[in-house]
> 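Got a structure for you, written out below as structure tokens; questions coming shortly.
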Amino acid sequence: MRPFDDRHWAGEITADCLVLLAEREHFYDPALGHDFAARLTGARSARVHTFAEAGGGHLHCQNGALQQAHEVIFDWVHGLAAGTVPHLA
């Protein structure tokens, strides 16, 4: 994933963005998600959420803990609707 270069377009994204990461991601370095979020300079809001091993959602795509991912996603959507989503949490 590291060779994929989004530097030329990531700052043009103007939507609200949620970046989901897994603490023990085994396909790519989770730092890539943080790097991407930092380049979302034009986003209305950008939030990074890392699923920790303690909560059980620490593997790729929250394998085995999809309900946790849904909770985070739906809470984020609810926060957007309520106007309470912080920038880069």
Side-chain angles (χ1 to χ4, degrees):
M1 292 294 295
R2 191 160 296 283
F4 182 71
D5 188 0
D6 60 33
R7 288 177 289 175
H8 301 291
W9 54 264
E12 297 176 20
I13 295 172
T14 58
D16 295 291
C17 299
L18 175 62
V19 179
L20 300 177
L21 304 173
E23 186 177 67
R24 291 189 48 207
E25 172 63 57
H26 55 281
F27 288 118
Y28 62 87
D29 182 353
L32 291 170
H34 290 285
D35 294 345
F36 175 69
R39 289 189 292 276
L40 294 172
T41 57
R44 188 171 30 243
S45 71
R47 179 168 182 225
V48 176
H49 180 87
T50 301
F51 292 91
E53 185 169 5
H58 60 288
L59 299 175
H60 180 75
C61 290
Q62 292 67 60
N63 188 18
L66 193 55
Q67 71 281 3
Q68 289 180 12
H70 287 163
E71 182 177 354
V72 169
I73 293 166
F74 292 129
D75 284 351
W76 177 73
V77 170
H78 183 263
L80 289 176
T84 60
V85 174
H87 186 74
L88 289 178

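Only heavy atoms go into these numbers, but all of them, side chains included; no hydrogens, no water, no symmetry mates.
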> With hydrophobic residues grouped by side-chain heavy-atom distances under 4.5 Å, do L80 and L20 end up in a single group?
yes
> Quick one: CZ on R39 to CD on E12, what's the gap to the nearest 0.5 Å?
13.5 Å
> Take atom NE2 of H34 as the centre, draw a 6.0 Å sphere, and report whether it contains more than 12 heavy atoms from other residues, nucleotides or ligands.
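Count over threshold, so yes.
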> Can you name the closest pair of heavy atoms from G11 and T41 and give their distance?
CA-OG1, 3.6 Å
> Shortest non-hydrogen contact from A10 to L40?
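Result for this residue pair: O-CD2, 3.7 Å.
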> Is it the case that one hydrophobic cluster holds both I73 and L66, taking links as side-chain heavy atoms less than 4.5 Å apart, direct or via other members?
no
> Are F27 and L59 co-members of a hydrophobic cluster defined by side-chain heavy atoms under 4.5 Å apart?
no
> Going from CD on Q68 to NE2 on H58, what distance comes out if it is rounded to the nearest 0.5 angstrom?
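Result: 10.0 Å between the selected atoms.
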> Report the residues that fulfil salt bridge (Lys or Arg N to Asp or Glu O under 4.0 Å) with E53, sequence neighbours left out, ordered by chain and then residue number.
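For E53, the residues satisfying salt bridge (Lys or Arg N to Asp or Glu O under 4.0 Å) (neighbours in sequence not counted) are R24.
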> For residues A65 and G56, report the shortest heavy-atom separation together with the two atoms involved.
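Minimum heavy-atom contact is CB-O, 3.5 Å.
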> Nearest heavy-atom pair of A22 and T50: which atoms, and what distance?
C-CG2, 4.4 Å
> Return the NE2 to CD distance between H49 and Q62, rounded to the nearest 0.5 Å.
7.5 Å
> Can you tell me how far apart CG (L32) and CG (D6) are? Round to the nearest 0.5 Å.
9.0 Å
> Minimum heavy-atom separation for P30 to E25, with atom names?
CG-CB, 3.8 Å
> Heavy atoms, side chains only, cut-off 4.5 Å: are F36 and L21 in contact?
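F36 vs L21: side chains apart.
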> Can you label the angle between the F74 ring and the H70 ring as parallel, tilted or perpendicular, going by 30° and 60°?
tilted
